[in-house]
Amino acid sequence: AQTTVLPNAHSHNDYKQKHPLSDALNNGFSSIEVDVFLKNNKLIVSHTYPLFKKERTLEMLYLIPLQDSVNKHQGNVYVNNKVPIILLVDVKTEAEKTYSLLKSILEKYKSMLTSYENGKITQRAVTVIITGKKPFEEMKKENVRFAFMDENLLNIENNNSSKICLLASTKYSNILKWKGKGKISEQEKQKLMQFVSIAHQQGKKTRLWASPENKDVWQELLNCGVDYINTDQLKELHDFLIEQHHY
């Protein structure tokens, strides 16, 4: 059966799912987040500093299977659907060194990656966005690259970095105190919509992380124009978005 692709669904800490990547893709998610550590010249996928022998790399878990899907589906991740997906790489180790290795790895997969080349962005099947420890100065200097950056949504007004940053995020509690009980205050709602509106004017998508996992919150975020709902509950968010016809 063909999967319905959900443009608002973001899989947080995807590698902690039972089947990393494939659970997200089977549920039609269009954004997938993975924590990486630089260790022994490898990019290891893990939530805490990897100490064990069984080391899963970013390539093994994500880039190779995504490339396989793209080869199989005429240049797209999903069958008959051109929605590009975001691979959000949360860098946990030193920004420049980690990015230096990431760059050389991404080079191998550039045929499927959104690129920035001499001022021009070309959209492809997978857009790699870096969050966590970010190599901002390094990326600013590059004329050609296959990765972009996630910026702080709270600083969005001072920033015109739309060639580098394609996403703007912050922690839910930095903007909203409302947890989904009762009605959200008009003041909080306006505050969020203001941030979202500025980001959209700059051509950036928005995401609030660590948001309460409940349907009232999800609905309110969508009402306010937030682009990605951050979740660990893939099936629940999938069912909610299908029910609300957000696809």
Side-chain angles (χ1 to χ4, degrees), residues 1-15 17 19-34 58 61-90 106 109-117 120-131 145-151 162-163 165-169 196 199-200 202-209 211 218-219 221-247:
Q2 199 177 317
T3 310
T4 302
V5 183
L6 305 167
N8 304 107
H10 173 81
S11 175
H12 169 250
N13 289 353
D14 182 77
Y15 52 92
Q17 296 294 336
H19 310 102
L21 183 64
S22 60
D23 282 348
L25 295 181
N26 290 339
N27 280 291
F29 276 54
S30 57
S31 183
I32 294 167
E33 181 180 347
V34 52
L58 180 68
L61 234 56
Y62 289 90
L63 295 170
I64 293 170
L66 281 169
Q67 184 74 70
D68 289 346
S69 287
V70 168
N71 293 347
K72 218 164 59 188
H73 306 142
Q74 286 78 50
N76 303 308
V77 172
Y78 286 104
V79 188
N80 300 332
N81 196 309
K82 286 186 160 59
V83 170
I85 74 154
I86 285 178
L87 182 61
L88 187 65
V89 178
D90 190 345
L106 295 181
Y109 300 91
K110 62 184 184 184
S111 65
M112 70 167 179
L113 299 177
T114 298
S115 65
Y116 170 82
E117 295 180 65
K120 185 173 181 284
I121 294 175
T122 305
Q123 187 109 57
R124 295 189 181 89
V126 178
T127 302
V128 173
I129 296 182
I130 298 172
T131 191
R145 60 180 147 74
F146 299 96
F148 297 84
M149 213 177 295
D150 177 26
E151 78 169 293
S162 50
K163 292 283 195 282
C165 302
L166 299 184
L167 182 68
S169 310
V196 169
H200 287 171
Q202 295 179 8
K204 295 163 190 169
K205 297 276 176 87
T206 54
R207 173 185 69 108
L208 300 185
W209 45 273
S211 55
W218 292 345
Q219 186 59 65
L221 291 176
L222 292 170
N223 293 349
C224 290
V226 172
D227 297 282
Y228 291 107
I229 308 280
N230 200 81
T231 192
D232 293 315
Q233 300 176 5
L234 306 188
K235 176 90 177 74
E236 288 79 351
L237 182 61
H238 165 274
D239 294 350
F240 167 80
L241 290 170
I242 294 282
E243 229 168 75
Q244 304 300 316
H245 301 298
H246 279 283
Y247 52 86

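What you see is a predicted model; the values in this text were computed from it and never measured.
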Does a side chain donor of either D227 or H200 reach within less than 3.5 Å of an acceptor in the other side chain?
yes
How far apart are the closest heavy atoms of A199 and T206, and which atoms are they?
CB-CG2, 3.4 Å
Please, which pairs that meet side chain to side chain donor-acceptor pair (under 3.5 Å) have at least one residue in residues 21-33, sequence neighbours excluded?
H10-S31, H10-E33, H19-D23, E33-R207
Grab the two heavy atoms, one from N76 and one from N81, that are nearest each other, plus how far apart they are.
CB-O, 3.3 Å
To the closest 0.5 Å, what do you measure between NE2 (H73) and CG (D68)?
10.0 Å
Checking the side chain of D14 only, and the main-chain atoms of L21 only, is there a donor and an acceptor separated by less than 3.5 Å?
yes
Apply side-chain hydrogen bond (donor to acceptor under 3.5 Å, both in side chains) to Q17 and list each qualifying residue two or more places apart in sequence or on a separate chain.
none
OG on S11 to CG on L237, rounded to 0.5 Å
9.5 Å
Run the numbers on E117 and S115 for side-chain hydrogen bond (donor to acceptor under 3.5 Å, both in side chains), then give the verdict.
CA-CA 6 Å; E117 295 180 65; S115 65; 3.1 Å; yes
Is any side-chain heavy atom of V70 closer than 4.5 Å to a side-chain heavy atom of Y109?
no
For L63 and M112, which heavy atoms make the closest approach, and how far apart are they?
O-CE, 3.6 Å
Expected output: side-chain T231 to main-chain Q233 donor-acceptor under 3.5 Å
yes
Begin with the C-alpha distance, continue with both residues' side-chain angles, and end with the deciding distance and a verdict on side chain to side chain contact (heavy atoms under 4.5 Å, CB included) for L167 and L88.
CA-CA 10 Å; L167 182 68; L88 187 65; 3.8 Å; yes
To the closest 0.5 Å, what do you measure between CZ (F29) and OH (Y78)?
8.5 Å
With side chains defined as the heavy atoms from C-beta onward, is the minimum distance between L6 and I229 less than 4.5 Å?
no
State plainly whether the residues D239 and K235 are in salt-bridge range, i.e. N to O under 4.0 Å.
yes
After noting the C-alpha distance and the side-chain angles of Q67 and K72, does the key distance pass the side chain to side chain contact (heavy atoms under 4.5 Å, CB included) rule?
CA-CA 9 Å; Q67 184 74 70; K72 218 164 59 188; over 6 Å; no
Looking at CG of L113 and CZ of R145, how far apart are the two atoms once the value is rounded to the nearest 0.5 Å?
12.5 Å
Is the closest side-chain heavy-atom distance between V83 and Y247 below 4.5 Å?
no
Just verifying a value: how many Å separate L166 CG and D150 CG, rounded to the nearest 0.5 Å?
10.0 Å
Can you check whether N8 reaches V226 side chain to side chain, under 4.5 Å on heavy atoms?
no
Please report the C-alpha distance between L208 and L221 in whole Å, then the side-chain angles of each, then the deciding distance to 0.1 Å, and finally whether the side chain to side chain contact (heavy atoms under 4.5 Å, CB included) criterion is met.
CA-CA 9 Å; L208 300 185; L221 291 176; 3.6 Å; yes
Return the minimal non-hydrogen interatomic distance between S169 and W209, and the atom names on each side.
CB-CD1, 4.0 Å
Report yes if some heavy atom in the side chain of Q219 is under 4.5 Å from a heavy atom in the side chain of F240; otherwise report no.
yes
Quick check: closest heavy atoms across V128 and F146, and the distance to 0.1 Å?
CB-O, 3.8 Å
Heavy-atom side-chain proximity of W218 to E236 below 4.5 angstrom
yes
Test V89 against Y62 for side chain to side chain contact (heavy atoms under 4.5 Å, CB included), laying out the working first.
CA-CA 11 Å; V89 178; Y62 289 90; over 6 Å; no
Side chain of T114, backbone of R124: donor and acceptor closer than 3.5 Å?
yes
Minimum heavy-atom separation for S69 and V77, please, with both atom names.
CB-O, 3.6 Å
With no hydrogens and no angle check, do the side chains of T131 and D90 hold a donor and an acceptor under 3.5 Å apart?
no
I85 and I32, any side-chain heavy atoms less than 4.5 Å apart:
yes
